[in-house]
Amino acid sequence: MRSKLIISLTMVIIFMGLFQSLFFQSRVEKIFENYLSESDKMKVEMIKQAVTSYYVSTGSLEGVNQILEISNRMNMNMENMMGHMGGPIEVTILDASGEIVVDTTTKNMGDKKSAVQEPLVIKGETIGTFIAYPVKSDSISRLEQQFAQSVNVTILLGFLVAVLLSLIIGLFLSKKITKPLSQLVSGIEQVSKGKTNFRVTIDSKDEFRQLGDAFNKMTETLERTEHIRKSLVADVAHELRTPLTIIRTKLESIQSGALEATEEVILNVSDEVYRLSRLVNDLQQLSLAESKTLSLHKKRTEINGFMEAILSQIQWFADEKDIRLHFNKSSTHIFIEIDRDRMTQVVVNLLGNALRYTPENGTVMANVKVEGKSVVLSFQDTGPGIDEQKLPFIFERFYRVDESRKRDEGGAGLGLSIAKGFVEIHGGDIKVTSIKGEGTTFEVILPLPGDNDS
Ligand code: ADP
């Protein structure tokens, strides 16, 4: 990666250097050519004038070469005075019949492409042809060469500096790019070996940082999931062990004759069997509640009626404990889209807890109200309340606030996890507030659809 980056940067600079050099070379030639042609045009015109005047005064082109010499010398003197550096103009003059009268060109003159060829016309009569070849002077050629050379040297120097800079920048950039990448690669390797607690620290503010954060989030989730998976198996085994041990020892004692299978003993065993089947049922609900892909069978439901139906089913439990069970329904009908079975489970778990943990003669209130774009179902009890420090954990699986009470009252500590899971699948939220010694309130917040007017 690093070498690729440096090579590509250097290649770009080499190409740019070559391109610049060629470009400048051709520009320099063009500039010099233009410079020449402007002053040459003047010189050619002057020589032509001199030749014409000579013809007018002598009536022939015979001996015109002297004029050419004089004109060229004059031109050179003038240029010297003006600081120009043009070259001489070589000339070929043909007479009217096309015969060469004068030819000052030499064989080693080289480039003859910039010739000017014009007829010599006097009073409408063509007396011959005038061909002029501007010749680059040595000084001009030297100057052009020097200029081109110095441009090339400058380009070469610039090129070397650019290559050096590209190496430095390339090294710096590649380090910046490859460092977080190699950190991530080694992170991925560690995670694939099972080290889900591996985190990367990327000290940049770019996309690599985002990538690093995403990676860390992913490993956190993996670690949590892994922890949950491990603890779930341990917790389930733990929960199963107690009732199974009780059942087994009771049955063995009956078998050995040490215990009589009285009605009370059988009731005791069947109690444990009930606990077991409740645990299995809870576990099944939990696995549903925690599967984020659970398909809900949502139906448009009027929430006050829905709550009333559940409350009437559970009333016996409140009556048994002499608990006043109130329902404050909302003043209007509220329709929401819910999976009734799952939401019944949520309400039963919360109301069940409220009734279970509230002492006799207490009060449990269920309320339905609209808050903004949500409907809030709250369950308020006058139970013992929950310690503030323990509140953040009560939605965790197998969490019980009071371990010692677990076998007589309450279940395996799954009810709230199940409720939370189902509420979240509905796009809602569940909250708890509690004051020790005064009571606890659970709130289920569910999103309202846009059409609640009836
Ligand atoms: P469980 O099946 O044991 O009731 P939950 O998940 O439903 O498990 O509840 C977890 C713990 O939260 C319970 O063990 C209990 O200590 C506490 N809890 C739940 N609801 C209430 C409540 N209304 N009042 C007091 N404590 C509660």
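Counting from 1, the numbers follow the sequence of the chain as shown. Whatever order the structure lists them in is the order used to number ligands and atoms, beginning at 1.
Under 4.0 Å from ligand 1, the heavy atoms of Asp381 that appear belong solely to its side chain. Counting heavy atoms under 4.0 Å from ligand 1, residue Tyr399 touches it through the backbone alone. Contacts of Ala412 with ligand 1, taken as heavy-atom pairs under 4.0 Å, involve the backbone alone.
Considering both main-chain and side-chain atoms, Ile386 never comes within under 3.5 Å of ligand 1 through any nitrogen or oxygen pair. By the 3.5 Å distance cut-off applied to N or O atoms, Ser417 is not counted among the residues near ligand 1.
When Lys195, Arg199, Gln190 are each tested for a side-chain hydrogen bond (donor to acceptor under 3.5 Å, both in side chains) with Thr219, only one passes: Arg199.
When each atom of ligand 1 is checked for a heavy atom of Leu414 under 4.0 Å away, the hits are 2 (O), 6 (O), 8 (O). Atom numbering of ligand 1 starts at 1 in the shown order; those under 4.0 Å from a heavy atom of Gly413 are 1 (P), 2 (O), 3 (O), 6 (O), 8 (O).
Ring geometry for Phe393 against Tyr399 counts as tilted: the plane angle lies between 30° and 60°, on a 0 to 90° scale. The aromatic rings of Phe23 and Phe19 lie parallel to each other, with less than 30° between the two planes, well short of the 60° mark.
Under a 4.0 Å heavy-atom criterion, Phe442 is in contact with ligand 1. Heavy-atom separations between Arg356 and ligand 1 include at least one value shorter than 4.0 Å.
Proximity annotation for atom 9 (O) of ligand 1: of Thr441, Leu416, Leu279, Leu416 comes nearest, heavy atoms only.
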Please test Met343 against Phe306 for side-chain contact (heavy atoms from CB on, under 4.5 Å), starting from the C-alpha separation and ending with a verdict. CA-CA 10 Å; Met343 210 39 82; Phe306 173 77; 3.8 Å; yes
